[in-house]
Amino acid sequence: MDPTPSESRARPSATHVERAEAGEQWIARLLRGGALCSGALFLVSLALESLPDSESVHVLIDILRKGAASALLVTPVVRLMVAGTTLGLRGEWRYALYAAGVLGLLAVAVGTGLHA
């Protein structure tokens, strides 16, 4: 006997669960990768502190530290984009719209901050 429509919605299908797990794995990889990238850039900048003082070394240290900070700031935004996309692909439109709304607010805030 086939389940009724309400019963089939109550139990997620195997592909639905697999997609959810794949989305969670992508998010975990992104967060881990962003943290490792940021940490590596910061550690390299710390190691460069042991070099003799010169303008080129100070510029490189500054670039590496700004890159590390940027990676830390961009990682949650990318996570939000991936989460919104995977939610949309799973048909959870309400939460995908929430993610899009937060991204839109971030874009407005950054755009407004750049012109201030």
Side-chain angles (χ1 to χ4, degrees):
M1 175 177 7
D2 289 334
T4 64
S6 63
E7 289 176 346
S8 64
R9 273 186 267 146
R11 286 183 286 143
S13 65
T15 57
H16 186 76
V17 172
E18 289 169 4
R19 281 190 207 159
E21 289 175 358
E24 290 172 10
Q25 288 174 354
W26 270 103
I27 290 170
R29 286 183 197 129
L30 284 168
L31 292 173
R32 192 176 318 119
L36 290 173
C37 177
S38 177
L41 290 172
F42 187 69
L43 288 175
V44 170
S45 77
L46 286 177
L48 290 176
E49 292 276 346
S50 64
L51 293 177
D53 283 344
S54 72
E55 185 177 344
S56 61
V57 171
H58 285 293
V59 169
L60 183 57
I61 290 170
D62 188 50
I63 289 171
L64 288 171
R65 289 193 179 157
K66 287 179 180 176
S70 296
L72 277 178
L73 292 171
V74 168
T75 299
V77 175
V78 173
R79 182 238 183 263
L80 187 58
M81 291 169 43
V82 170
T85 302
T86 56
L87 288 167
L89 290 173
R90 290 191 333 209
E92 297 182 27
W93 300 110
R94 179 187 305 171
Y95 299 111
L97 287 173
Y98 289 157
V102 170
L103 286 170
L105 289 172
L106 283 171
V108 168
V110 169
T112 304
L114 291 176
H115 294 295

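Closest non-hydrogen pair, Gly34 versus Ala71, comes out as O-CB, 4.3 Å. For the residue pair Ala68 and Ser38, the shortest heavy atom distance occurs at O-OG, 2.9 Å. Closest approach of Ala47 to Ser50, counting heavy atoms only: O-OG, 2.7 Å. Taking all atoms of both residues into account, the shortest heavy-atom contact from Ser45 to Ile61 is O-CG1, 3.9 Å.
Rounded to the nearest 0.5 angstrom, Leu41 CG and Lys66 NZ are separated by 14.0 Å. Distance check, rounded to the nearest 0.5 Å: OH of Tyr98 to CD of Glu92 gives 12.0 Å. Taking CH2 of Trp26 as the reference point, atom OG1 of Thr86 lies at 11.5 Å (rounded to 0.5 Å). Ser70 OG to Ile63 CD1: the interatomic distance, rounded to the nearest 0.5 Å, is 11.5 Å. Atom CZ of Arg79 is separated from atom CG of Leu31 by 6.5 Å, given to the nearest 0.5 angstrom. Going from atom CG of Leu87 over to atom CG of Leu80 covers 9.5 Å, rounded to the nearest 0.5 Å.
Taken together through direct or relayed side-chain contacts under 4.5 Å among Ile, Leu, Val, Met, Phe, Trp and Tyr, Leu36 and Leu72 form parts of separate hydrophobic clusters. Tracing side-chain contacts under 4.5 Å through hydrophobic residues (I, L, V, M, F, W, Y), one reaches Leu30 starting from Val74; they form part of the same cluster. Hydrophobic clustering places Val57 together with Leu64 (ILVMFWY residues linked when any side-chain heavy atoms are closer than 4.5 Å, directly or through intermediates). Hydrophobic clustering (ILVMFWY, side-chain heavy atoms < 4.5 Å, transitive): Leu106 and Val78 are in distinct clusters.
For Glu49, the CD atom counts as densely surrounded, since its 6.0 Å shell holds more than 12 non-hydrogen atoms of other residues, nucleotides or ligands.
Residues Arg65 and Leu46 meet the side-chain proximity criterion, which asks for heavy atoms closer than 4.5 Å.
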